[in-house]
Amino acid sequence: MRIPASTYRIQFHAGFPFEAAKQIVAYLADLGISDLYASPIFKARAGSTHGYDIVDPTQINPELGTQEEFETLVDELQKHEIGWLQDIVPNHMAYDTQNKLLMDVLENGPDSESFDFFDIEWNHSYEDIRGRVLAPLLGNFYGRCLENGEIQLGYDETGLTVNYYSLKLPVRVESYARFITQNLGGLARSLGRHHPDFVKLLGILYIVKNIPTEAKGKERYDQVEFVKRLLWELYNQNQDVKEFVNSNVEFFNGQKGNSESFNPLDHLLSEQFYRLAFWKVGAEEINYRRFFTVNELISLKVEEPKVFHKTHSLIGQLVEEGKITGLRIDHIDGLYDPGQYLERLREKMGDVYITVEKILELEEDLSDIWPIEGTSGYDFMNYVNGVFCRCETEQRLQKIYTRFTESNQPYKQLVVDKKKLIIERNLAGDLENLALSLKRVAGQTRQGSDFTLNGLQRALVEVLALFPVYRTYINPQGLTESDRKQVNQVIEAAKENVPLLPNELDFIRKLLLLEYDEFLTQAQQEEWLHFVMRFQQLTGPLMAKGVEDTLLYVYSRLLSLNEVGGNPGQFGISLPAFHEFNQRRNEYWKHSMSATATHDTKRGEDMRSRLNIISEIPEEWERQAMRWSEINQSKKLQTDERVIPSANDEYFLYQTLLGAFPFDQNSDRSTFATRIKDYVIKAVREAKVHTAWLRPDSEYEEGYLKFVEQVLDPAQGNDFLQEFLPFQKRIADYGIFNSLSQVLLKNTAPGVPDLYQGTEFWDLSLVDPDNRRPVDYDQRISCLHELKTGIEKDIVSLIGNLLETRADGRIKLFLTFKVLQARKVHRTLFEQGDYQPLTVTGKFKDHVIAFARSFEGKTAIAIAPRFLTGLLEAGQLPLGEQIWADTAVELPAGLASSWKDAISDQSLQTHASLPLGEALKHFPAALMIG
């Protein structure tokens, strides 16, 4: 197995295709990257900016380049000995015209060869979607779209289609009879009943009216193809037939203002294997599984062997050919049976590096029976970020937050409330489907025969909202003790919240623990298990939407903690907990990825580093925030009912500005204001308090935008900016040292360090799409070349210059380069070495993170400062004995006495301890090799 030493994440899209990636391969090799880590490269919806809306997993995305360009990129990577870690999407595909597998299902229904490819409930209890799949893709109510002429029947070489703007859905062949019989008599009169072309048209009509129900597979497809081809030939060869078809299309498309004229198209649509609907319907009535709450992404039944093999055929081929050397599995928790999927994947792909996108709660462990190398790194990201948050100031920050916002709702209760909000507004249809399944299972038992749908649904809401992890992994093989513990804890907590439903809750517990009654048939046991598997597929999306996409935009106590996979209710990570995490990781998941920024993170890694400074200076932060609010009071919109923005949104904004404000305050100012305005609208809609995607409040949004414009107005008389900028600049400077320490820790702790595109310079990005802006690689290539020249010439002088100009980001690139080179030279040490926390003594012992990695007589010691506001005045550097005094790192017995810092290239002789004043004499972090 090829284990990456380091990865570099690339976001491929039409604006950054294979050819663009080829141009930076040499740069990545020079930097020290061992493996390219690619966003999905398979055919996606036209214009996709991320690649997760795949329409054909058996094709390379043509928008990224030709097959030849793909091969050329592979060759270039292999020439530089760089591997390829590929992100794949087994859970879903785009609900889109370009998805041919889905279009086949919509055209042929149960006769489609792809009928069981997608996760659709065809036997739904609602009659209007029984035997049909909901298509909640309209921008307004179905009736309005129809009578406004927005839904149109069309005809071309592919046959009859239903068109709604760019959406183009097929018409089942049986409906051609309705179309052809319209005004067929008129064609007979103009053409003559015995005309060969009229006879052919009658033949088409006969075929579509008499396709035998037993016609399956190739036989049916041949008949459909024959009908379409023959009609197209008649259309092109006979002017009367062409006019007949065009006239019928016009007839079915009705006349705007004449409601009755749309009846024919309405009747034709009622015959299809899909039901067009307003997109908001998907929140409350749905009969297919989506990715989270995104109607345009329909889930696959990848648990079906034929679906698995079809969707993994190309990636399997690329792995077999050695072009792809590793896999990252997107949204593993969305799958019906993640364990079974991973076993199949391992069997198909062989001995290849595999990680999964998995959100782990702080006390949650990754399943040790999964045949994988670890996670994609969110767990590491939240631990390494949390260790720079000063835990001791939690109560002070909480009081400040409460005073500013006049809100004191406990975080744990907010989690439950927001998850219930998502159930009510966004996942009501999914909940009802699960409750109906539960009702059917209950009805098979004496214990549950009297349970009502309402009672079961209320009990389910409570259990789902209280579920503390993304999901359990109960499957036909049973459940783990961890699963059992989670279920029992949730049921007991739910009983306290809804004491009138103890029997329903006990029944749900019995189901989830697979405590089958003896009298159940095999079929009933399978239905019972199916409910459990469906339940597990809902807890993940609910957690993601309730916490990550709602609560993290509402709970603003300290925004650096509001991150994917994070828990803002846990105020920072203690140093012992950080060390324990790394030791556990080194023992069980030493090749797991270590991320600090991804395409999904809520904030750039250096933005978080800045905001953690607030935890060090709570009193000063409060003075500043209160002063800013006072200055900006007149800029708020005051109505009879509310003030815009709310105090919570104002508090959120000040932290956002503090973290994201560019180092170059002049050149980036206008762009920055636009980015912030785009961001705050996304943030308040995600928060779902004053406005929302489903129900936008234009007054609130426009008032908030105006507030942001005035706050960021660069005019001379802006009192806010005059107060804000000096404080912001000071925080940004302290944040730089947090960032450098974070770079060191990521690259030296157990795991595979992952670098997100462009973050070798300062990363002050906001959530997507802001964090997917173009990267200036010419600048980075040129800068790395200059750094390498400077290192060879006089590294101490270079470091001095980089520290003086640290705001330009070159210092971060320098550190990234140096630690990656160290990993390259000492690869076995960092891959296989043990992990030993080191004791720090002296005056500033709490301001240092230190650990050793040892393997076969070689040792690396990482020394990363933190909490520097207590050591440095503004503008000072954390260097030398005058700063660190008697602070030192104690060395375990038996270690070397001669050390060399892999960052500054300076040597040091020592015995029992490493004085910080010596180790950090030239650079504000150290990696000593001995």
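Hydrogens, waters and symmetry mates play no part in the numbers below; they use all other heavy atoms, side chains included.
With D549 as reference, K602 is the one residue of K682, K418, K602 to meet the salt bridge (charged side-chain N to carboxylate O under 4.0 Å, His left out) rule.
Under the 3.5 Å distance criterion, the side-chain polar atoms of Q524 are matched with a main-chain donor or acceptor of T521. Side-chain N or O atoms of N771 include none that pairs as donor or acceptor with a backbone N or O of V767 at under 3.5 Å. In this structure, K419 contributes its side chain and L414 its backbone to no donor-acceptor pair below 3.5 Å. With hydrogens and angles disregarded, no donor-acceptor distance shorter than 3.5 Å links the side chain of T601 to the backbone of A597. Side chain of R132 to backbone of D128: a donor-acceptor contact under 3.5 angstrom is found. Remark: the backbone N or O of N567 is not paired with any side-chain donor or acceptor of N382 at under 3.5 angstrom. The main-chain N or O of F519 is never found under 3.5 Å from a side-chain atom of D517 such that the two would form a donor-acceptor pair. Using modelled atom types, no side-chain atom of Q536 and backbone atom of Y336 make a donor-acceptor pair closer than 3.5 Å. Judged by distance alone, the side chain of N426 and the main-chain N or O of A283 form no donor-acceptor pair under 3.5 Å. For T550 (side chain) and K545 (main-chain N/O), a donor-acceptor pair under 3.5 Å exists by modelled atom type.
Put simply, CG on L512 and CG on L479 are 9.5 Å apart, with the number rounded to the nearest 0.5 Å. For the atom pair L102 CG and Y288 OH, the distance stands at 9.5 Å (nearest 0.5 Å). One distance of note links CZ of F42 with CZ of F12; it measures 11.5 Å at 0.5 Å rounding. Considering CZ of F531 and CG of L434, their distance stands at 4.5 Å, rounded to 0.5 Å. Here the straight-line distance linking atom CD1 of I332 with atom OG1 of T355 works out to 10.5 Å at 0.5 Å rounding.
Within 6.0 Å of CD in E515 there are more than 12 heavy atoms belonging to other residues, nucleotides or ligands. Within a 6.0 Å radius of NZ in K485, no more than 12 heavy atoms belonging to other residues, nucleotides or ligands are found. Within 6.0 Å of CD in Q413 there are more than 12 heavy atoms belonging to other residues, nucleotides or ligands. Other residues, nucleotides and ligands contribute more than 12 heavy atoms inside 6.0 Å of the OH atom of Y516.
Aromatic rings from F535 and F467 are positioned such that their centres are separated by under 6.0 Å. The aromatic ring centres of Y37 and H599 sit 6.0 Å or more apart. For an aromatic pair to be called close, the ring centres must be under 6.0 Å apart, and Y341 with H312 satisfies this. Ring centroids of F451 and F507 are separated by less than 6.0 Å, placing the two rings close together. The aromatic ring centroids of Y411 and Y555 lie less than 6.0 Å from each other.
In this structure the side chain of T539 never reaches within 4.5 angstrom of the side chain of Y470, judged on heavy atoms. F117 has its side chain within reach of K306: a pair of non-hydrogen atoms, C-beta onward, lies under 4.5 Å apart. Within the 4.5 Å cutoff, the side chain of L511 has heavy atoms near those of the V441 side chain.
Between the side chains of D330 and H92, no donor-acceptor pair of N or O atoms lies under 3.5 Å. Residues D87 and S39 bring no donor and acceptor atom of their side chains to less than 3.5 Å of each other. T472 and Q486 are not linked by any side-chain donor-acceptor pair at a separation below 3.5 angstrom, with hydrogens and angles left out of the test. A donor and an acceptor atom, one from each side chain of Q409 and D417, are located under 3.5 Å apart. In the model, R290 has a side-chain atom that pairs as donor or acceptor with a side-chain atom of N295 under 3.5 Å. There is no side-chain donor-acceptor pair under 3.5 Å between N287 and R130. Side chains of Q447 and K510: a donor-acceptor N/O pair is present below 3.5 angstrom, by distance only. Under the 3.5 Å distance criterion, with hydrogens and angles disregarded, no donor-acceptor pair is assigned to the side chains of T7 and R328. Judged by distance alone, the side chains of Y378 and T598 do bring a donor and an acceptor atom under 3.5 Å apart. Side-chain atoms of D56 and T58 include a donor-acceptor pair closer than 3.5 Å. Using modelled atom types and a 3.5 Å distance limit, the side chains of Y126 and E432 yield a donor-acceptor pair.
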Worksheet item: Under the side-chain contact (heavy atoms from CB on, under 4.5 Å) criterion, do R45 and T97 qualify, and how do the steps go?
Response: CA-CA 9 Å; R45 180 188 282 133; T97 303; over 6 Å; no
Discussion item. E121 vs R289, test: salt bridge (Lys or Arg N to Asp or Glu O under 4.0 Å). Steps then yes/no.
Written reply: CA-CA 8 Å; E121 177 53 73; R289 192 168 59 85; over 6 Å; no
Fill in: Residue pair D119, R534: steps toward the salt bridge (Lys or Arg N to Asp or Glu O under 4.0 Å) verdict
CA-CA 11 Å; D119 203 342; R534 285 303 198 201; 2.4 Å; yes
Discussion item. Show, in sequence, the C-alpha distance, side-chain angles and deciding distance for R346 and E373, and conclude whether the salt bridge (Lys or Arg N to Asp or Glu O under 4.0 Å) test is met.
Written reply: CA-CA 11 Å; R346 176 60 72 193; E373 278 57 68; 3.1 Å; yes
Worksheet item: When you look at F291 and H331, which way does the ring pair (Phe, Tyr, Trp, His ring centres under 6.0 Å) test go after all the steps?
Response: CA-CA 9 Å; F291 171 70; H331 190 39; 5.2 Å; yes
Discussion item. For a side-chain hydrogen bond (donor to acceptor under 3.5 Å, both in side chains) check, start with the C-alpha distance between R585 and S594, then their side-chain angles and the critical distance, and finish with the verdict.
Written reply: CA-CA 11 Å; R585 208 170 199 240; S594 301; 2.8 Å; yes
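For residues 332-345, the set of pairs meeting the salt bridge (Lys or Arg N to Asp or Glu O under 4.0 Å) definition, not counting sequence neighbours, comprises D333-K358.
Taking a cutoff of 4.0 Å between a charged side-chain nitrogen and a carboxylate oxygen, D379 and R584 do not qualify as a salt bridge. For D754 and R9, the salt-bridge test fails: no basic side-chain N is under 4.0 Å from an acidic carboxylate O. Of the charged side-chain nitrogens involved, at least one lies within less than 4.0 Å of a carboxylate oxygen, so that E527 and R440 count as a salt-bridged pair. A salt bridge links K495 with D506: at least one charged nitrogen is closer than 4.0 Å to a carboxylate oxygen. Look at E107 and K100 and you find no salt bridge, because none of the NZ, NE, NH1 or NH2 atoms lies under 4.0 Å from a carboxylate O. Salt bridge annotation for R471-D483: absent, with no cationic side-chain nitrogen under 4.0 angstrom from a carboxylate oxygen.
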